[in-house]
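So the structure is just underneath, and the comments pick up after that.
Below, chains carry the letters A, B, ... as their sequence lines are ordered, and counting in each starts from 1.
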Protein chains: 2
Amino acid sequence: MGRRKVSNPLALAVLALLNERPMHPYEMSSTLRERHKEESIKLNYGSLYTVVEALVRAGFIVAARTVRDGRRPERTIYELTEPGRVELYDWMAELVGTPAKEYTRFDAALSLLPVLAPGDAVRLLADRRLRLTAEVEAGHAARTLAEREGLPRLFALEHEYQAALRQAELDYVERLLAEISARTLDGIELWELFHADPDDPEASRDAVTAVQRELARGRWAGMRAILLREMGAHVPGGHPRPGAGSCPPATRSPSDPHRPEDPR
Amino acid sequence: MGRRKVSNPLALAVLALLNERPMHPYEMSSTLRERHKEESIKLNYGSLYTVVEALVRAGFIVAARTVRDGRRPERTIYELTEPGRVELYDWMAELVGTPAKEYTRFDAALSLLPVLAPGDAVRLLADRRLRLTAEVEAGHAARTLAEREGLPRLFALEHEYQAALRQAELDYVERLLAEISARTLDGIELWELFHADPDDPEASRDAVTAVQRELARGRWAGMRAILLREMGAHVPGGHPRPGAGSCPPATRSPSDPHRPEDPR
DNA sequence: CTCCGGATACTCGGCTGCGAGTAATTGGGG
DNA sequence: CCCCAATTACTCGCAGCCGAGTATCCGGAG
């Protein structure tokens, strides 16, 4: 568990629902679904029952009673306790008041983007742009529909927010795409060189001189050590400062056999 | 596991590193750290070794050899296999090309925002704005520093992206804050009424008439059923359409004892 | 009256993720 | 030359998460 005794966001939803009225787990799940909350809070049965049990253990909710309809399986109805109510408010306060670091997949992908060849990156980013555009439009449509049905914005804030983020992502992808295509992105020569055909002697020579020019300008101190290993060359002047390095791109094409590790 | 045989993004980082050159796990972790990739790819030792083992099982990497320095524990050096290289490219293509749904905590919090009283929400959102502003500034400073050190933007794309998203979040929070404060947010009267003192007879009367006015306008069809249960009143005209509902706010103040469940 | 699809209401086993714990080694200050 | 802190390099066990599976019931078509 993290700081909270029960850290799954689904638990927060359970607390919020039980703050409305007592319920049994399946009703929680169907209510969340009905209200489209499963779009912002990941819901699945396994987790739901695990989380309910954990909340009971933590004393945030209690089984109020069990009912049975005909020969259906018994349903246990839970209700919020006073500590549970406190936890609900405290947790909400934390989530709303303090931005938290989130690890998204696109972050991961961007941080490793240099492993792809620039051309591939452009194609794929264009793909993403297309799909994002479609999502943005779908979002507009959904909001229009909801408005027509009279759903006040208050109850769809999370979708508004998601729409804003998607738009920002789209904008960023478009900027990036433009800069790569126009070859104005700082570092693109290095990127291209790292993906140049290693059997082409001219490209290899270019790579070495380009890298040396970069280093002569004192650019990217942390890269020095990495480049030394990568290129088997020796560049004088200074040791790598810790914390100055970043992602070195992939240097080998798939067909290129790996070279032996650098001596230590 | 998801679609991938190994789905942890850390596995992607491992593949990317081994695409550069063979390494042992600890070196992977220190390299990721050195390059600041732990800021966009969650890294911890437990997961790293689990993931490496899983990649071996999947045939994406193999133990090339083991070395021992003096009396240190043996280090196993891994290298990428051809299927591993394919997986790396395929996975990157998926991540870059296709936007994926992410569940963030703030999404969850926003989707449950009505459980907080409007006043509390305003205070907390103002808090968030403050911290976000600080983060945005820290981001600028970091970029300036990196620039001075000569780190090409290409190797800090993920930070650029995160900065763009943070800015978008800040903008959204400011819009929302303004709208709540100015009471122009659609649905705010309902929100206030749901948090009105239930012992104040005037407020309660207001609540009923407000809700009935909403319903008379045909607003928020899906809310109908919820309100019926919540208020114990009966409003004629139509059953709730599935998929039209959203989040009903909390109706009880913490001191208010719960009422018995509605009869079925 | 009977069949079938969809809703209801969970259960279960396995795997992943995590972070605290461990233990040896190196380096630098006194 | 010795000691302590930091670094190197993992190990371990448990909790949580997941999603496929199960079993029952209801309502409408034929």
Check whether any side-chain N or O of [X] sits under 4.0 Å from OP1 or OP2 of [N], and answer yes or no.
{"X": "B:Lys42", "N": "C:dC18", "result": "yes"}
{"X": "B:Ser47", "N": "C:dC18", "result": "yes"}
{"X": "A:His24", "N": "C:dC10", "result": "yes"}
{"X": "A:Asn44", "N": "D:dC17", "result": "no"}
{"X": "A:Arg75", "N": "D:dC25", "result": "no"}

Spacing between [X] atom [atom1] and [N] atom [atom2], to the nearest angstrom:
{"X": "B:Arg33", "N": "D:dA6", "atom1": "CZ", "atom2": "P", "result": "16 Å"}
{"X": "B:Met23", "N": "D:dT8", "atom1": "CE", "atom2": "C1'", "result": "16 Å"}
{"X": "B:Glu27", "N": "D:dA9", "atom1": "CD", "atom2": "P", "result": "8 Å"}
{"X": "A:Glu53", "N": "C:dC12", "atom1": "CD", "atom2": "P", "result": "11 Å"}
{"X": "A:Glu34", "N": "C:dT8", "atom1": "CD", "atom2": "C1'", "result": "14 Å"}
{"X": "A:Leu48", "N": "C:dT11", "atom1": "CG", "atom2": "C1'", "result": "13 Å"}
{"X": "B:Arg57", "N": "C:dT16", "atom1": "CZ", "atom2": "C1'", "result": "10 Å"}
{"X": "B:Leu10", "N": "C:dG19", "atom1": "CG", "atom2": "P", "result": "13 Å"}

Out of [options], whichever nucleotide has its closest atom nearest the side chain of [X]:
{"X": "B:Thr50", "options": "D:dG16, C:dG17, D:dC10", "result": "C:dG17"}
{"X": "A:Tyr45", "options": "D:dC18, D:dA20, D:dT11", "result": "D:dA20"}
{"X": "B:Tyr26", "options": "D:dG19, D:dT7, D:dG16", "result": "D:dT7"}

Tell me whether A:Ser30 contacts the main-chain N or O of A:Tyr26 through its side chain, where contact means a donor paired with an acceptor under 3.5 Å.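 Looks like yes, one N/O pair under 3.5 Å.
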
Atom OH of A:Tyr89 and atom CG of B:Leu124: how far apart are they, to the nearest 0.5 Å?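 Between A:Tyr89 OH and B:Leu124 CG, I get 12.0 Å after rounding to 0.5 Å.
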
If I take atom CE from residue B:Met28 and atom CG from residue B:Leu15, how far apart are they, to the nearest 0.5 angstrom?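 Output value for this atom pair is 9.0 Å.
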
Output yes when A:Arg4 and A:Glu94 qualify as a salt bridge under the 4.0 Å nitrogen-oxygen rule, no when they do not.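 Yes.
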
Check this for me: does any side-chain nitrogen of one of A:Arg85 and A:Glu82 sit under 4.0 Å from a carboxylate oxygen of the other?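 Looking at A:Arg85 and A:Glu82, the cut-off is met.
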
